[in-house]
Amino acid sequence: MELRELGRTGLKLSCIGFGASPLGNVFGTVSEEQANASVRLAFQSGINFFDTSPYYGGTLSEKVLGKALKALEAPRSSYVVATKCGRYKDGFDFSAERVTRSVEESLERLQLDYVDILQCHDIEFGSLDQIVNETIPALVKLKEAGKTRFIGITGLPLGIFSYVLDRVPPGTLDVVLSYCHYSVNDSSLGDLIPYLKAKGVGIINASPLSMGLLTHAGPPPWHPASPQLKSACEAAADHCKEKGKNISKLALQYSLLNKEISSVLVGMKSVEQVEENVAAARELANSGIDEEALSEVEAILKPVKNQSWPSGIQQS
């Protein structure tokens, strides 16, 4: 598994990261045995980056991931754990008091002394000025106290990253996690990469399948995409199926092509999913992407390219 440097942190992340939200039973029940086997196979296959949040499954994801990592009996330095703060089952709270308490709770659930990365979760749902003036300074203190090695922010609208990065001292933030903006249907994160690199932050991309849009099963009923975007992605998936191709594999490989992105986070909850994702990365490394299938899919998605959906509260 290819390792990529994360900004200026010195961390080297596997190009595929293990998204642990499904371990919180977010997409159906996962047994402890299944969770442990998935994490073990991922780790043995060279995946060293595991991402969770207290929000996923109302803290269950952190607990299950913590047990699975402990069961590896591997040196702590051999894997990178990221969690988040500010978003919880009962809502959002980006106050300094809450995020400080949050990391202690997360460490207990994860059975760890520190996390490698602590991120403010979906900051577009809070006041961005509070994030700048209160939340991030609290995260800096947690970093100084050794509770986390690095800090970052996550969210959907790309404008939130420059808003915050332009208002905190240079070098304050180490990483940004963006989702649904570097996939076959929406690669708008690409335009922001030179800016993010200039700011010295590492870049993590989540949801290469656009939360289920780029799958043969289709997105969940609650998916916020427009009917036009949903039907275009469905048409692309159907086209792939007719040609005997797998749109999810193609979509993952497309997201992996950009080496400026340190890791692509994919939600995993079974040994089969881990095997599929690892095989897709290996195939890409050995024989490249299916250029013909990619250009056909891009042509189908062209009318909806870079179309997104609203997320968060209106910032005054």
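Rounded to the nearest 0.5 Å, atoms CG (Leu6) and CG (Asp116) are 10.0 Å apart. Taken to the nearest 0.5 Å, the CG atom of Asn306 stands 5.0 Å off from the OG atom of Ser187. Separation of atoms CZ (Phe18) and CG (Leu41) is listed at 9.5 Å; rounding is to 0.5 Å.
The main-chain N or O of Thr154 is never found under 3.5 Å from a side-chain atom of His121 such that the two would form a donor-acceptor pair. With hydrogens and angles ignored, the 3.5 Å screen pairs a side-chain donor or acceptor of Asn246 with a backbone N or O of Lys249. For the pair Gln253 (side chain) and Ala280 (backbone), a donor-acceptor distance under 3.5 Å is present.
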Give every donor-acceptor pair under 3.5 Å between a side-chain atom in residues 258-266 and any protein atom, sequence neighbours left out.
| residue | atom | partner | partner atom | Å |
| --- | --- | --- | --- | --- |
| Asn258 | OD1 | Glu260 | N | 2.9 |
| Asn258 | ND2 | Tyr182 | OH | 3.2 |
| Glu260 | OE1 | Lys197 | NZ | 2.7 |
| Ser262 | OG | Glu5 | O | 2.8 |
| Ser263 | OG | Ser14 | O | 2.8 |
| Ser263 | OG | Gly17 | N | 3.2 |

Result block: side-chain N/O donor-acceptor pairs under 3.5 angstrom for residues 229-238, not counting sequence neighbours:
| residue | atom | partner | partner atom | Å |
| --- | --- | --- | --- | --- |
| Lys230 | NZ | His223 | O | 2.9 |
| Ser231 | OG | Pro227 | O | 3.3 |
| Ser231 | OG | Gln228 | O | 3.1 |

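Dense packing is recorded around NZ of Lys305, with more than 12 heavy atoms of other residues, nucleotides or ligands lying under 6.0 Å away. Shown here is Tyr55, whose OH atom has no more than 12 heavy atoms of other residues, nucleotides or ligands within 6.0 Å.
For the residue pair Asp166/Tyr195, the side-chain donor-acceptor check at 3.5 Å is satisfied. Residues Asp129 and Ser127 bring no donor and acceptor atom of their side chains to less than 3.5 Å of each other.
Stacking of Arg76 on the aromatic ring of Tyr114 is recorded, both the 6.0 Å distance cut-off and the 45° axial limit being met.
Listed by chain and number, the residues in a salt bridge (Lys or Arg N to Asp or Glu O under 4.0 Å) with Glu292 amount to none (sequence neighbours excluded).
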